[in-house]
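Notes for the one structure printed next.
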2 protein chains.
Amino acid sequence: MIDRSATAVRPLPDELADRIDLAAPVFADNGLDATRIDDLAKATGIPRATLYYYFPGKEHILAHLLSRTLRQMTATLSDVAAEPGTGRERLARLVRAHLVFIGEHGPTYRLLFAELGRAASLVDIAAGVDVAILSPIRQALRDGHNDGSLHIDDVSAAASVVYGAVLVTGMQHLLLGTSGDLANRADAISNVILRGIGGQRTPRQSRRTTTGGT
Amino acid sequence: MIDRSATAVRPLPDELADRIDLAAPVFADNGLDATRIDDLAKATGIPRATLYYYFPGKEHILAHLLSRTLRQMTATLSDVAAEPGTGRERLARLVRAHLVFIGEHGPTYRLLFAELGRAASLVDIAAGVDVAILSPIRQALRDGHNDGSLHIDDVSAAASVVYGAVLVTGMQHLLLGTSGDLANRADAISNVILRGIGGQRTPRQSRRTTTGGT
DNA sequence: GTGACGATTGGACGATACGTCTAAGCTACG
DNA sequence: CGTAGCTTAGACGTATCGTCCAATCGTCAC
């Protein structure tokens with residue numbers, strides 16, 4: 001379903017489908033609007049007129065590429081989620097796989113989110129993000145709750161926490177080029193998420209060290 | 001420092017500074033590129049030539065607006081963070097205040113992130129986000145750890161988790177128009193973060209209910 | 001072989017915005 | 001009164017978009 005709307009009106013020949021991938025780095029470097037159709041033509045070797053023959057505009061070319069990446073991500077994550085283990089184990093694996101994916105598809109992933117809110121044709125993609133990312137997380141959470149390896153009160157809140165942690169960590173990595181190893185970060189945030197940051201079981205609000213904020 | 005680069009080259013007269021705010025909804029509705037300078041001129045009542053007199057281009061107008069919102073957010077959050085209480089209490093308040101802010105400044109907030117990666121002039125803003133958002137969180141986390149109300153092993157991982165949860169929740173609200181009350185969601189994610197989603201204290205990986213994934 | 005049809009592509013075109021620039025008017029201050 | 005800076009209308013030149021046309025080419029059916 002993503003295919004029909006996000007991709008070309010005419011079916012894209014295989015040979016073209018391969019070449020069009022060369023447009024990804026161009027978009028990644030420049031963003032949607034700074035990218036000129038002529039740049040895409042040059043980068044892909046597909047003449048401008050031909051691009052317009054298959055795509056209504058550059059925005060749809062981007063949509064095509066993003067939906068492709070999204071499909072990859074969906075496949076990757078759902079594979080990981082399908083491996084056996086407790087929900088808890090699978091959740092940790094998901095977090096890790098997701099971060100690794102971000103590490104590998106950095107520019108495109110960033111593009112995915114940079115352009116998400118924009119361009120009407122990308123709406124399908126926004127929905128796809130939910131399916132690709134949140135749904136396997138929710139599933140692992142539910143399974144973990146059922147098999148006793150996790151304790152979930154509010155699945156959607158928990159999913160937001162998990163995904164948010166991954167997203168922010170990934171984006172910090174992409175935008176700020178934070179310290180190397182994403183796999184380590186994955187473990188760190190999994191730890192936080194699993195154990196929580198609450199102090200002792202019975203929190204004592206007695207001592208208040210009013211550390212002067214700022 | 002944000003001021004000098006992100007705002008105008010010439011000092012912006014007060015009267016203009018007020019009017020220029022009217023450009024925010026236009027940007028919010030259309031995004032950076034779909035917004036025409038003439039639209040801004042019309043919306044603000046400031047003639048095109050005058051806009052160009054003070055700003056090098058529309059991109060800088062947006063930067064001006066965003067840095068303004070960012071300052072507001074910085075102020076709001078640091079106020080909240082400064083209120084007395086345990087780190088844990090202040091963290092919860094931060095989460096709530098942040099989500100409320102998102103609820104109130106929805107379109108601009110979304111714009112803030114939609115345009116973050118783009119446009120060279122917005123780099124300062126990316127740095128500002130870190131200062132405005134993550135730094136008070138980290139502070140609350142540290143204080144909470146010191147006063148015993150929180151238990152933090154890895155401050156930066158914990159901060160990513162907290163901020164990620166807020167961001168994703170807020171974005172879901174903005175993009176998908178999820179169910180109403182952001183304050184409720186704030187409590188829900190605070191709960192998750194504080195308590196963690198790990199099952200019993202000693203996780204048993206014995207029983208594996210291999211719930212068919214997908 | 002020939003004709004038809006779709007794919008392919010170069011190049012021209014009109015439209016839209018951008019950002020620049022000029023020149024005229026206005027305000028304020030000395 | 002004169003200078004300096006602010007303000008603004010409008011004209012320009014440039015870039016890019018998306019459309020369109022015409023020429024070419026390959027393939028398939030008859």
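Residue numbering restarts at 1 for every chain, and letters A, B, ... go by the order of the sequence lines. This is a predicted model, so every value here is computed, not measured.
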Sorted by first residue and then second, give each salt bridge (charged side-chain N to carboxylate O under 4.0 Å, His left out) pair with at least one member in residues 154-175 of chain B; sequence neighbours left out. R185(A)-D154(B)
Among residues at least two apart in sequence or on other chains, which ones pass salt bridge (charged side-chain N to carboxylate O under 4.0 Å, His left out) with D29(B)? none
K58(B) side chain to L40(B) backbone, donor-acceptor under 3.5 Å: no
Do the side chain of Q172(B) and the main chain of T169(B) share a donor and acceptor less than 3.5 angstrom apart? no
Counting Watson-Crick and G-U wobble pairs whose two distances are both under 3.5 Å, find the runs of 3 or more in a row that involve DNA chain C. C:1-30 with D:1-30
Where does the chain B footprint on DNA chain C start and end, counting 5' to 3' with a 4.0 Å heavy-atom cut-off? dA17(C) to dT20(C)
Near-strand residues of residues 35-46 of chain B, defined as heavy-atom separation under 4.0 angstrom from DNA chain C: T35(B), R36(B), I37(B)
Check whether any side-chain heavy atom of T76(B) sits under 4.5 Å from a side-chain heavy atom of D79(B), and report yes or no. no
Go through DNA chain D in 5' to 3' direction and return only the first and the last nucleotide with some atom under 4.0 Å of chain A's heavy atoms. dT16(D) to dT19(D)
R19(A): partners by side-chain hydrogen bond (donor to acceptor under 3.5 Å, both in side chains), with sequence neighbours left out: E15(A)
Partners meeting side-chain hydrogen bond (donor to acceptor under 3.5 Å, both in side chains) with Y52(A) (sequence neighbours left out): none
Go through the structure and list residues passing side-chain hydrogen bond (donor to acceptor under 3.5 Å, both in side chains) with S190(A), not counting sequence neighbours. none
Map R48(B) and Y53(B) onto DNA chain D by nearest heavy atom, then report which one ends up closer to the 5' terminus. Y53(B)
Return a table of donor-acceptor pairs under 3.5 angstrom between the side chains of residues 94-107 of chain A and protein atoms on other chains or two or more places apart.
{"residue": "R96(A)", "atom": "NH2", "partner": "D187(A)", "partner atom": "OD1", "Å": "2.9"}
{"residue": "R96(A)", "atom": "NH2", "partner": "D187(A)", "partner atom": "OD2", "Å": "3.0"}
{"residue": "H98(A)", "atom": "NE2", "partner": "Y109(A)", "partner atom": "OH", "Å": "2.9"}
{"residue": "H105(A)", "atom": "ND1", "partner": "F101(A)", "partner atom": "O", "Å": "3.3"}
{"residue": "H105(A)", "atom": "NE2", "partner": "Q72(A)", "partner atom": "NE2", "Å": "3.2"}

Are D143(B) and R88(B) close enough that some pair of their side-chain heavy atoms sits under 4.5 Å apart? no
Residues passing the side-chain hydrogen bond (donor to acceptor under 3.5 Å, both in side chains) test with R142(B), sequence neighbours excluded, are Q139(B)
Any side chain to side chain donor-acceptor pair (under 3.5 Å) involving residues 35-44 of chain A? Give me the pairs, sequence neighbours left out, ordered by first then second residue. none
